[in-house]
Protein chains: 2
Amino acid sequence: LIQMEALTKVYQAGSVNVQALRDITMSVDSGEFLAIMGPSGSGKSTLMNILGCLDAPSSGSYLLDGEDVSQLTRDQRADVRNRKIGFVFQGFNLLPRLNAAKNVELPLIYGRVKPADRARRALIALELVGLQDRAHHLPTELSGGQQQRVAIARALVNNPEIILADEPTGNLDTRTSREIMEVFRKLNEKQGITFILVTHDPEIGAATDRRIHIRDGAIEGDERSGCI
Amino acid sequence: LIQMEALTKVYQAGSVNVQALRDITMSVDSGEFLAIMGPSGSGKSTLMNILGCLDAPSSGSYLLDGEDVSQLTRDQRADVRNRKIGFVFQGFNLLPRLNAAKNVELPLIYGRVKPADRARRALIALELVGLQDRAHHLPTELSGGQQQRVAIARALVNNPEIILADEPTGNLDTRTSREIMEVFRKLNEKQGITFILVTHDPEIGAATDRRIHIRDGAIEGDERSGCI
Ligand SMILES: Nc1ncnc2c1ncn2[C@@H]1O[C@H](COP(=O)(O)OP(=O)(O)OP(=O)(O)O)[C@@H](O)[C@H]1O
Ligand SMILES: Nc1ncnc2c1ncn2[C@@H]1O[C@H](COP(=O)(O)OP(=O)(O)OP(=O)(O)O)[C@@H](O)[C@H]1O
Ligand SMILES: [Mg+2]
Ligand SMILES: [Mg+2]
């Protein structure tokens with residue numbers, strides 16, 4: 001499903017070059033459930049942005065479903081993203097003037113789903129994350145963890161092929177984190193959705209099948225559960 | 001130092017009343033190092049906003065250094081806040097057009113510190129959180145955990161009486177979290193700064209002297225380390 005080869009990403013901040021990703025080669029099969037882990041600043045969100053077609057690499061190639069995404073135009077990338085990928089951003093990125101339900105509906109508007117169906121599907125997604133009673137609250141009227149869960153519901157609502165979640169439980173208590181992981185697992189098992197989660201939490205990492213470890217922009221480990 | 005009596009906070013979202021805090025009575029002595037813990041949506045950030053004089057309660061009283069803050073005007077609250085309190089927000093709240101150093105300098109501008117001293121003190125604060133090499137990056141040029149650390153540096157730079165930190169390690173890996181907790185502990189021991197941390201992380205909670213547990217807007221537990 002996903003194949004990255006010798007991928008690099010260099011940022012320029014002022015007069016300095018930041019080598020955010022160095023020579024990343026990795027592959028992910030359809031239906032996998034894995035975590036990307038590593039220290040703060042190691043390149044996890046940068047990698048997720050490229051996986052999610054939100055950003056282009058500086059060099060190297062990224063094949064998604066056999067298609068070379070690094071060669072697409074911005075519009076073509078946006079189209080791939082909207083059809084195939086659900087994204088939970090590290091900063092949630094909710095639209096401040098839309099309530100929870102309307103934020104969750106956004107991917108369905110792109111897919112030209114009728115209003116009544118959008119509202120129904122958004123409510124189902126909010127129920128999955130335990131927020132049906134907050135459907136009409138604005139983001140500013142929600143707790144940090146509730147905003148995070150709205151962002152998760154928005155990523156699920158379209159039944160995408162792949163869900164990329166950047167620190168999806170960073171603002172959640174232990175019990176809510178486990179509930180969210182159960183939701184992810186069910187979607188993975190029943191609908192075959194591929195999950196790539198960025199996390200600092202070793203407990204979340206342990207609940208996945210495979211962990212890719214990143215440090216200073218490079219992969220330093222790739223291990224699966226059940227192997228000793 | 002802090003005394004809350006029968007404090008409540010009710011929000012209105014649309015036609016519904018949300019009872020975010022119910023009858024909170026608690027006191028904190030100068031120099032304490034404690035955590036506020038509880039499930040997502042239980043009222044922690046609401047309590048922090050009132051402690052930090054960013055918001056007023058719906059009823060009840062809040063005495064800070066013997067002064068009834070709930071009766072102050074908005075300007076008077078802002079003055080207390082700027083002099084006495086350093087705040088790490090759950091959402092970081094960095095100014096997007098200022099780089100890390102300039103964001104950290106903000107509390108010193110209020111205190112009318114000279115530009116050369118501001119720059120020096122901001123750099124010291126950034127060194128404490130390991131980000132001296134990112135001083136000139138904008139928030140958008142920083143990782144999530146780096147933005148969180150800039151927010152922490154900004155809260156420290158003024159040597160306030162009290163530091164309120166809402167989920168200060170939510171975006172940090174284990175090692176960086178421990179380094180931040182060491183910085184907090186040193187400031188508490190050497191300068192007597194009072195620390196109130198909101199956290200979901202039991203490891204962070206275990207590293208404090210006292211934990212106040214909140215559920216559905218009410219205090220359901222208040223326990224200290226070293227007592228059985
Ligand atoms: N402006 C608002 N209007 C209406 N309801 C609000 C508002 N702000 C917060 N709430 C509600 O008040 C409750 C407490 O919110 P708060 O942000 O204090 O929770 P929290 O404990 O910090 O949660 P988290 O751990 O998820 O950050 C939540 O149920 C939330 O939906
Ligand atoms: N637009 C940018 N310009 C310059 N440098 C950047 C930019 N965005 C990120 N960086 C740098 O690239 C590195 C990797 O950032 P990234 O956000 O991928 O880290 P991360 O692993 O997600 O960290 P965290 O766990 O703290 O969220 C960091 O050192 C960061 O300072
Ligand atoms: Mg990140
Ligand atoms: Mg909160």
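Each chain gets a letter, A, B and so on, in the order its sequence line appears, and its residues count up from 1.
Of all the listed residues (Gln148(A), Gln147(A), Glu167(A), Arg149(A)), the one sharing the greatest number of non-hydrogen pairs under 4.5 Å with chain B is Arg149(A). Heavy-atom pairs under 4.5 Å with chain A were tallied for Asn171(B), Asp201(B), Thr199(B); the largest tally goes to Asn171(B).
Counting only residues at least two apart or in different chains, side-chain hydrogen bond (donor to acceptor under 3.5 Å, both in side chains) contacts with residues 121-136 of chain A are absent.
Proximity to chain A (any heavy atom under 4.5 Å) is shown, for Gln146(B), by both the backbone and the side chain. Val16(B) does not touch chain A: none of its heavy atoms, backbone or side chain, sits under 4.5 Å away. Both the backbone and the side chain of Ser40(B) come within less than 4.5 Å of a heavy atom of chain A. Interface remark: Gln12(B) contributes backbone atoms only to the contact with chain A (heavy atom separation under 4.5 Å).
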Passes side-chain contact (heavy atoms from CB on, under 4.5 Å), Glu141(A) versus Val18(B)? Steps please.
CA-CA 10 Å; Glu141(A) 298 170 333; Val18(B) 177; over 6 Å; no
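For Arg175(B), the CZ atom is loosely surrounded, since the number of other residues' heavy atoms within 6.0 Å does not exceed 12.
Residues Thr174(B) and His200(A) come closest through the heavy atom pair OG1-O, 4.3 Å. Across all non-hydrogen atoms, the minimal contact from Gln90(A) to Gly144(B) is NE2-CA, 3.5 Å.
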